[in-house]
Amino acid sequence: MTTFSDLGLSQKVLSAVTDAGYTIPTPIQAGAIPPALQRRDILGIAQTGTGKTASFVLPMLTLLEKGRARARMPRTLILEPTRELAAQVAENFEKYGKNHKLNIALLIGGVSFDEQDRKLERGADVLICTPGRLLDHCERGKLLMTGVEILVIDEADRMLDMGFIPDIERIAKLIPFTRQTLFFSATMPPEIQKLADRFLQNPERVEVSVRSSTATTVTQRFVATHSKDYEKRAVLRDLIQKQEELKNAIIFCNRKLDVADLFRSLSRHGFSVGALHGDMDQSSRTKMLASFKDGNIQLLVASDVAARGLDIPDVSHVFNFDVPIHAEDYVHRIGRTGRAGRSGAAFTLVSKRDTKFADAIEKLIDKKIEWLNGDLSALPAPMESHDSGRSERGGRDGKRGGRRNDRDRDHAPRPVSSHKSDIKSDDISTDQEPVTAKAESVRPERKADTKPQNAGRHSNRPAPQPHPANDDNRDRRNRYRRDHDDGPTPIGFGDDIPAFMLIAGKA
DNA sequence: AAAAAAG
């Protein structure tokens with residue numbers, strides 16, 4: 001059997017790999033490292049979770065042992081589609097490069113230029129970048145690309161999705177033709193193949209299929225739901241509380257606004273939850289990801305920024321609050337669980353309007369996904385719509401009578417003092433076992449416990465969205481939440497809730 | 001029906 005010591009890596013690299021506890025390379029590592037060390041171009045077709053990052057980091061470290069960096073002239077350049085991914089690659093360089101004295105510069109957007117400038121001035125061996133910030137540095141004349149010996153283009157298919165290809169082409173033009181290029185992509189659509197043909201010279205093609213492993217270790221289920229957000233939230237909470245072995249989970253939404261809404265809802269319900277999407281400021285993103293990795297936060301509500309590439313080990317569950325519009329995203333999302341041979345579970349909430357996308361997913365993965373509790377035709381009657389709930393209650397007296405009825409109906413609202421009243425196991429599942437005990441493993445008992453995570457509410461929370469256009473909707477949303485989510489009545493109004501909050505948006 | 005990335 002092949003071990004790392006058979007691949008031709010330097011002693012410094014090998015000892016770091018051993019210290020990290022690895023002896024056997026993954027298929028992509030075994031296939032890509034030897035030709036990379038011989039300065040061959042690589043076309044690597046592999047998803048995340050296959051050990052792809054180490055397959056370029058380790059040979060690069062070995063090759064970098066010859067020579068030294070000069071100011072403003074990086075020797076190697078790695079392009080990543082997202083900031084988190086770039087940061088992760090940087091961590092890999094720290095880990096496996098601990099026996100080297102290499103200067104590594106992480107050039108990503110959303111943070112200040114100062115420290116990045118200093119590192120470039122000092123001379124960087126390795127540049128790890130998102131395309132926009134790299135071009136920014138180039139335009140400011142801080143960077144000479146003529147010394148780059150190795151170019152890595154990671155997640156090329158995702159770069160394509162995100163419209164980065166023109167940027168990538170501009171960057172590639174700045175780098176000498178004699179460079180070595182390592183090119184990675186999870187899929188090979190024609191555009192990517194064309195790109196690879198242009199960028200690579202006589203590449204070694206290394207392909208790793210990961211499909212069989214996800215298919216066997218991840219339990220996938222569709223969960224029928226009505227399409228209203230408050231109903232989906234109730235279904236989701238119920239689903240989460242019924243999981244017996246939920247260590248941690250990522251919950252995907254299609255839109256950033258929905259990430260923020262669902263995050264608020266879950267945290268108001270006392271879940272240990274964080275949020276991650278691209279409109280949050282960079283320090284919140286970093287902190288959030290770190291506390292999820294550390295286990296300080298159990299649930300992470302995220303946009304597709306977290307769908308690909310992020311190295312979060314041991315995610316036991318993935319929940320798709322929204323069915324992804326592009327079936328490929330489904331594969332990437334559920335690829336967050338069941339990694340490295342572990343078992344995982346992936347649940348996707350599907351409403352009538354999503355059937356087209358759900359069908360597309362089954363077609364892509366060439367597999368029927370079972371429904372958890374019957375398909376859409378077996379769905380119980382929808383909850384009362386919020387308008388009828390409100391008119392029943394009438395006027396401004398929103399706290400009594402009608403409100404309790406609401407709770408019974410949609411098992412969502414509850415007084416802050418009682419935790420258990422809203423946990424019901426009807427409707428959604430055939431499992432009639434009481435869920436309270438399990439729920440407590442998921443939900444902190446005391447409100448105080450949730451504070452540290454959601455605390456610094458300014459730092460951990462999704463950044464406020466300052467679009468003036470949203471002001472219009474804010475009142476409507478507040479009222480909506482109060483009526484249908486669970487939320488206590490808006491704080492500070494007492495019984496004097498302004499009348500407009502109760503009538504706004506009726507049209 | 002979206003998200004991501006440069007400000």
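Judged as a ring-ring contact (aromatic ring centres under 6.0 Å, His included), the pairs with a partner in residues 359-378 of chain A (not counting sequence neighbours) are, in order, Phe222(A)-Trp371(A). Listed by first and then second residue, the ring-ring contact (aromatic ring centres under 6.0 Å, His included) pairs involving residues 116-158 of chain A are Phe113(A)-His137(A) (not counting sequence neighbours). Here ring-ring contact (aromatic ring centres under 6.0 Å, His included) pairs that include residues 73-94 of chain A, with residues two or more places apart or in two chains, number zero. Pairs of residues two or more places apart, or lying in two chains, never qualify as ring-ring contact (aromatic ring centres under 6.0 Å, His included) while including a residue from residues 151-170 of chain A.
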query: Quick one: what's the B/S/- string for nucleotides 2-7 of chain B, heavy-atom cutoff under 4.0 Å, read 5' to 3'?
result: BBBBBS

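Residue contacts shown for Asp258(A) are absent, as no nucleic acid heavy atom lies under 4.0 Å away.
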Validation: residues 193-201 of chain A side-chain donor-acceptor distances under 3.5 Å, sequence neighbours left out:
| unit_1 | atom_1 | unit_2 | atom_2 | d |
| --- | --- | --- | --- | --- |
| Gln193(A) | NE2 | Asp197(A) | OD1 | 3.1 |
| Arg198(A) | NH1 | Glu169(A) | OE1 | 2.6 |
| Arg198(A) | NH1 | Glu169(A) | OE2 | 3.1 |
| Gln201(A) | NE2 | Phe177(A) | O | 3.4 |

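Within residues 118-129 of chain A, no residue has any heavy atom under 4.0 Å from DNA chain B.
Evaluation of the salt bridge (charged side-chain N to carboxylate O under 4.0 Å, His left out) rule for Glu80(A) yields no partner, not counting sequence neighbours. Taking Arg83(A) as the reference, nothing meets the salt bridge (charged side-chain N to carboxylate O under 4.0 Å, His left out) condition, with sequence neighbours excluded.
Ser185(A) OG to Arg158(A) CZ: the interatomic distance, rounded to the nearest 0.5 Å, is 12.0 Å.
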